[in-house]
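Here the structure is laid out as structure tokens; the discussion comes afterwards.
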Amino acid sequence: MLFKNIRTVDENWNVLEGMNVLTEGTRITYIGKEMPKDYNGPVTDGDMKFLMPGFYNTHCHVPMTLLRGQGTGLPLDRWLNEAIFPVEAKLTPDDIYFGALLGIMELLSSGVVSVSDMYFRIPRYASALEEAGIKGNLCNGVVCFDPSASYFDDRSFRELLELDYMAKSTDGRIVADVGIHSEYTTTEKVVREAAEYAKTYGRIIQIHVSETEKEHRECKARHGGLTPTAYLKKCGVLESPAVMAHCVQCEKEDLDLIYESGAFVAHNISSNLKLGSGIATTPEWMNMDINVTIGTDGAASNNNLNFMEELHLAAMVATGVTRDPQAVSPAYMFKAASRTGALAQGRKDCGLMKEGMRADLIMFDLDKPHLLPERDLIANILYSAQSSDICMTMVDGKIVYRDGAFPGIDRERVCYEVRKRQERLLKEAGF
Ligand SMILES: [Zn+2]
């Protein structure tokens with residue numbers, strides 16, 4: 001695809017005017033003022049359009065779209081135990097498949113090209129990702145309360161191996177990560193085994209960390225004063241590239257450990273606000289040069305998967321709580337969402353507008369009343385744009401969303417299946 005005479009950005013998010021951007025196969029092969037020579041493929045006219053890297057959502061549970069609205073008003077522990085776990089126990093692989101497709105529509109239409117996700121039945125879930133054309137780092141987060149049980153006998157590990165096999169044919173689009181649900185839902189033996197496995201095989205670890213004050217406090221009581229981050233370090237988790245979700249209650253010493261290990265933090269502002277978990281100290285993370293990335297979390301606690309809204313809220317809350325309108329810059333937010341997010345997923349050839357990178361791109365339609373007048377395009381995209389201004393999402397050079405349509409998804413069928421399945425699930429779970 002040739003994007004002709006279009007506005008785009010360089011690696012540092014400086015705006016470039018009147019560029020021609022060419023994608024061939026899965027990659028960006030040319031960016032320049034001159035027209036590429038001898039090109040006769042499809043062309044997109046760049047008039048009133050803006051082309052930029054897509055978003056890498058680093059913490060989600062996409063199939064939880066089926067549980068949207070479930071347990072509203074409950075704090076995290078009661079929300080999980082009373083509203084979520086009983087319904088999740090009834091989910092079939094096909095429920096997860098259709099729930100995933102529903103969520104993928106929200107992700108693609110809000111600019112997400114790749115998602116890090118912790119759920120179960122992940123091989124079936126991955127087939128939804130492949131059909132829709134979005135990338136994903138999937139894991140089944142191990143939950144284990146039996147002190148003698150081994151990680152290697154757990155369903156979480158079996159699903160990782162199954163997914164690995166399937167991922168081989170996806171040209172890196174699907175990646176199997178090691179998943180540890182959290183400190184409070186897993187035994188020390190299992191955490192150590194999973195960490196050792198990840199280190200040996202060079203895997204990324206996805207985990208929830210210090211999401212609530214209760215979790216943080218109870219961990220310290222259980223482990224002789226160790227915070228969740230200190231405990232995970234002791235168990236070897238920080239020796240692999242880790243994506244630590246939430247980190248709302250992390251203390252200064254925890255942040256030092258995270259920085260030293262090079263781990264990635266997934267900031268989930270909507271979910272943290274909705275569940276009343278608190279507000280993470282993101283400006284402090286940024287000042288410490290911690291790898292900050294953005295995640296929507298699942299639709300049951302967000303309550304949508306609108307990534308643009310997530311970015312908007314993350315920026316606004318950071319400036320609001322610090323009482324400093326310069327606490328975050330629009331370029332920083334977009335780097336966190338694109339390049340840093342891609343690196344958190346181990347995707348070194350993604351997340352930059354640069355020749356040779358994978359063509360994971362999104363295009364905005366700038367011909368909108370709320371985007372005029374324009375003083376600063378990047379600030380306008382962060383603070384004024386809506387996800388409905390995204391008119392195209394491309395993953396690995398393939399258009400997977402354009403003007404409201406998803407070439408890889410039967411939208412009507414998915415909506416029908418989700419309504420039917422949600423009704424059955426609630427009945428089976430006794431709601
Ligand atoms: Zn989560």
Side-chain angles (χ1 to χ4, degrees), residues 56-72 74-85 87-88 91 96 99-100 103 106-107 112 114-122 125 136-143 156 159 177-186 191 194 204-216 219 228-229 232 237 242-250 263-280 282 292-307 309-310 313-314 341 344-345:
Y56 299 78
N57 182 351
T58 54
H59 183 65
C60 199
H61 313 281
V62 178
M64 287 184 90
T65 48
L66 282 168
L67 287 80
R68 199 193 312 267
Q70 186 70 0
T72 292
L74 295 177
L76 181 79
D77 58 336
R78 288 189 58 203
W79 175 78
L80 274 175
N81 290 306
E82 295 171 29
I84 300 299
F85 290 154
V87 184
E88 285 190 331
L91 289 173
I96 286 168
E106 282 185 85
L107 292 174
V112 176
S114 185
V115 62
S116 294
D117 203 285
M118 182 186 288
Y119 218 58
F120 43 96
R121 315 275 195 195
I122 53 175
Y125 170 11
N137 286 49
L138 303 190
C139 71
N140 176 327
V142 59
V143 172
S156 161
E159 287 197 6
D177 287 352
V178 168
I180 302 170
H181 180 270
S182 59
E183 171 274 328
Y184 63 97
T185 50
T186 321
V191 174
I204 293 166
I205 299 176
Q206 295 185 38
I207 185 162
H208 295 98
V209 180
S210 296
E211 181 172 357
T212 64
E213 197 272 328
K214 179 173 183 281
E215 168 201 340
H216 193 81
C219 172
T229 302
L232 295 172
V237 170
V243 180
M244 303 165 71
H246 302 289
C247 296
V248 179
Q249 306 295 335
C250 279
F264 294 83
V265 174
H267 179 40
N268 313 109
I269 188 69
S270 296
S271 173
N272 297 337
L273 291 173
K274 175 133 195 302
L275 291 172
S277 303
I279 294 172
T282 47
V292 180
T293 66
I294 308 292
T296 54
D297 208 353
S301 62
N302 182 304
N303 271 9
N304 63 39
L305 302 180
N306 180 345
F307 199 89
E309 186 179 291
E310 203 66 26
L313 204 52
Q345 298 181 343

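We count ligands from 1, going down the list as the structure has it; atoms in each ligand are counted the same way.
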Under a 3.5 Å distance rule, please check whether His267 uses its side chain to pair with a backbone N or O of Ile294 as donor and acceptor.
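A pair under 3.5 Å: no.
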Using a cut-off of strictly less than 2.8 Å, determine whether His61 has an N/O/S atom near the Zn ion (ligand 1).
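Yes.
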Checking only N/O/S atoms, does His208 have one that is under 2.8 Å from the Zn ion (ligand 1)?
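Checking His208: at least one N, O or S atom is under 2.8 Å.
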Could you walk me through whether Asp297 and Lys274 satisfy the side-chain contact (heavy atoms from CB on, under 4.5 Å) test, starting with their C-alpha distance in whole Å, then the side-chain angles of each, then the deciding distance to 0.1 Å, before giving a yes or no?
CA-CA 11 Å; Asp297 208 353; Lys274 175 133 195 302; over 6 Å; no
What atom name does the N, O or S atom of Asp297 nearest to the Zn ion (ligand 1) carry?
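Nearest N/O/S atom of Asp297: OD1.
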Heavy-atom side-chain contact between Tyr119 and Val62 under 4.5 Å:
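No, too far: nothing below the 4.5 Å cut-off.
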Would you call the rings of His208 and His59 parallel, tilted or perpendicular, taking 30° and 60° as the class edges?
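Judged by the thresholds at 30° and 60°, the geometry between His208 and His59 is perpendicular.
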